[in-house]
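Inspection log for the structure reproduced underneath, given as structure tokens.
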Amino acid sequence: MTELEKELKVEDIKAAAGQMGCPVQKALYFVTEFLAGPMCGRCFPCAMGSYEARIRLGSLVAGSGSEDDLLALRRISADMVEASFCKKGKDTGKFILDWLDTGVYQEHVAGRCPDRKCAAMIEYRIVPGKCISCGECKDVCKDLAIHGEKKKPHKSGYLPFEIRQKRCTRCGNCIKVCPVEAIVLVDAKATVGAGA
Ligand code: SF4
Ligand code: SF4
Ligand code: SF4
């Protein structure tokens, strides 16, 4: 691959990363794809920085990020912008750094994905007071994560359906089919009331 082709590939990666909903996922995708392709390994700030940035960003997306990760990402990306030999490394460092300054990485350290895209930080929940026990959600859940019994005429005493969080893969299929909007997508740390 020529240098020009590699430059163009970085632009492709940037465009594809832009399609992702969460900035931390964008940065992780960018760095992962950069390492898999255009990164040539000829200079230390870019080569080592990209590897470490991928690990640190991965921790943020997985919900296990810390202040240390933020400090490291700031150091790595500043070094990449300053000392990388070529535009590809500088652009990658800048991509990470620009998002750092928006505060969204800090939100992830606090356990929140503002765009509600990082599976480790979100939950689908059924609001008990709204559920009419129709069973539509259970029918579409391929992961068997929804527990409940469909309401039948002339019978009473039905409990609202429930989502077993440990089985839920956050695919979002259930929320699309609920006829009464009884399923909500919330921060995993949030509490949801019966009538909310
Ligand atoms: S900055 Fe450029 S030369 Fe240095 S490792 Fe990255 S891609 Fe290679
Ligand atoms: S988000 Fe997907 S896996 Fe989770 S309960 Fe809904 S349908 Fe099932
Ligand atoms: S689709 Fe909605 S109303 Fe029907 S059982 Fe599921 S949560 Fe309850």
Side-chain angles (χ1 to χ4, degrees), residues 1-14 21 30-54 76-97 113 116-153 155 157-188 190 192-196:
M1 196 184 278
T2 66
E3 278 308 305
L4 180 61
E5 284 170 337
K6 286 180 184 172
E7 293 278 352
L8 291 174
K9 179 130 174 41
V10 170
E11 288 307 311
D12 289 345
I13 293 169
K14 195 184 282 185
F30 192 112
V31 172
T32 303
E33 291 300 308
F34 178 61
L35 280 165
M39 206 284 292
C40 73
R42 268 183 293 170
C43 68
F44 184 81
C46 172
M48 294 308 292
S50 301
Y51 278 111
E52 190 180 347
R54 183 173 59 177
I76 291 164
S77 50
D79 285 353
M80 286 176 78
V81 172
E82 177 73 24
S84 290
F85 283 179
C86 79
K87 185 174 180 305
K88 293 182 299 234
K90 289 182 189 297
D91 282 355
T92 304
K94 190 165 179 335
F95 196 84
I96 299 168
L97 197 55
C113 174
R116 299 225 172 109
K117 297 289 179 195
C118 291
M121 279 159 264
I122 55 169
E123 282 183 2
Y124 288 89
R125 293 194 201 155
I126 294 173
V127 181
K130 286 189 172 179
C131 177
I132 56 171
S133 299
C134 69
E136 296 286 323
C137 55
K138 189 175 177 181
D139 290 345
V140 299
C141 180
K142 296 186 186 72
D143 298 289
L144 307 179
I146 300 183
H147 175 72
E149 198 183 345
K150 276 189 200 180
K151 203 171 236 172
K152 294 193 185 91
K155 278 185 117 184
Y158 284 94
L159 294 172
F161 277 50
E162 269 186 274
I163 295 176
R164 296 182 181 116
Q165 297 301 334
K166 285 192 177 155
R167 293 196 74 116
C168 174
T169 56
R170 318 304 194 247
C171 72
N173 287 339
C174 54
I175 202 168
K176 294 178 197 153
V177 299
C178 179
V180 293
E181 298 182 356
I183 302 177
V184 289
L185 174 58
V186 297
D187 293 337
V192 177

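Along the sequence shown, residues carry numbers from 1. All ligand and atom numbering here is 1-based and tracks the order in the structure.
Contacts between D143 and ligand 2 below 4.0 angstrom, taking non-hydrogen atoms only, involve the side chain exclusively. Of all the heavy atoms of I132, the ones lying under 4.0 Å from any atom of ligand 3 are found in both the backbone and the side chain. Residue V177 does not touch ligand 3, judged by heavy-atom distances below 4.0 Å.
Nearest heavy atoms, S50 versus V31: O-CG1, 3.3 Å. Considering all non-hydrogen atoms of both residues, Y124 and R170 come closest at CE1-CA, 3.8 Å. Shortest non-hydrogen contact noted between R116 and I122 is CA-CG2, 3.6 Å. In terms of heavy atoms, V81 sits closest to G93 at CG2-C, 3.6 Å. Nearest heavy-atom pair across A182 and K130 is CB-CB, 3.6 Å. The two atoms that bring L185 and I175 nearest to each other are N-CD1, 3.9 Å, heavy atoms only.
Taking a 6.0 Å sphere around NZ of K90, one finds it holds more than 12 heavy atoms contributed by other residues, nucleotides or ligands. Atom CD of E162 has 12 or fewer heavy atoms from other residues, nucleotides or ligands within 6.0 Å. Counting non-hydrogen atoms of other residues, nucleotides and ligands closer than 6.0 Å to NZ of K14 gives a total above 12.
Side chain of R167 to backbone of D143: a donor-acceptor contact under 3.5 angstrom is found. Panel note: side chain K88, backbone V10; no donor-acceptor pair is recorded below 3.5 Å.
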From CA spacing to verdict: side-chain contact (heavy atoms from CB on, under 4.5 Å), I132, K151: CA-CA 8 Å; I132 56 171; K151 203 171 236 172; 5.6 Å; no
Criterion side-chain contact (heavy atoms from CB on, under 4.5 Å) on D91 and M80, from CA distance to verdict: CA-CA 8 Å; D91 282 355; M80 286 176 78; over 6 Å; no
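Atoms of ligand 1 found under 4.0 Å from any heavy atom of R42, numbered from 1 in the order shown, are 5 (S), 8 (Fe). The C86 neighbourhood of ligand 1 comprises atoms 1 (S), 2 (Fe), 3 (S), 7 (S), with distances under 4.0 Å to a heavy atom of that residue. Set against the non-hydrogen atoms of I163, the atoms of ligand 2 under 4.0 Å away are 5 (S). Taking every non-hydrogen atom of K88 and a distance limit under 4.0 Å, the qualifying atoms of ligand 1 come out as 7 (S). Listed by atom number, the atoms of ligand 2 under 4.0 Å from C171 heavy atoms are 1 (S), 2 (Fe), 3 (S), 7 (S). Atoms of ligand 2 lying under 4.0 Å from at least one heavy atom of G172, given by number and element, are 1 (S), 2 (Fe). Of all atoms in ligand 3, numbered sequentially from 1 with element shown, those under 4.0 Å from a heavy atom of C137 are 1 (S), 5 (S), 6 (Fe), 7 (S). Proximity to F161 (heavy-atom distance under 4.0 Å) selects the following atoms of ligand 3: 5 (S). Distances below 4.0 Å separate heavy atoms of V180 from the following atoms of ligand 3: 3 (S). Close contacts between ligand 2 and C168 involve ligand atoms 1 (S), 3 (S), 4 (Fe), 5 (S) [criterion: under 4.0 Å to a heavy atom]. Interface of G89 with ligand 1, defined as ligand atoms under 4.0 Å from a residue heavy atom, comprises 1 (S). Remark: ligand 2 atoms within the under-4.0 Å shell around heavy atoms of I146 are 5 (S). For ligand 1, the atoms closer than 4.0 angstrom to any heavy atom of F85 are 1 (S), 3 (S). Ligand 3 places these atoms under 4.0 Å from at least one heavy atom of I183: 7 (S).
Counting only heavy atoms of the protein, atom 4 (Fe) of ligand 1 lies nearest to C43 SG, 2.3 Å. Ranking protein heavy atoms by distance to atom 3 (S) of ligand 1, first place goes to C40 SG, 3.5 Å. Of all protein heavy atoms, the one closest to atom 6 (Fe) of ligand 1 is C46 SG, 2.4 Å. Distance from atom 8 (Fe) of ligand 2 to its nearest protein heavy atom, with residue and atom name: C141 SG, 2.4 Å. Distance from atom 5 (S) of ligand 3 to its nearest protein heavy atom, with residue and atom name: G135 N, 3.3 Å. In terms of protein heavy atoms, atom 2 (Fe) of ligand 3 is closest to C178 SG, 2.3 Å.
Using a cut-off of 2.8 Å, one finds that C174 contributes no N/O/S atom close to atom 2 (Fe) of ligand 2. In summary, C131 places an N/O/S atom under 2.8 Å from atom 8 (Fe) of ligand 3, meeting the contact criterion.
The shell of residues lying under 4.0 angstrom from ligand 3, judged by heavy atoms, excludes G148.
With respect to C46, the side chain to side chain contact (heavy atoms under 4.5 Å, CB included) criterion is satisfied by exactly one of Y51, F85, F34: F34.
For the atom pair D79 CG and L97 CG, the distance stands at 10.5 Å (nearest 0.5 Å).
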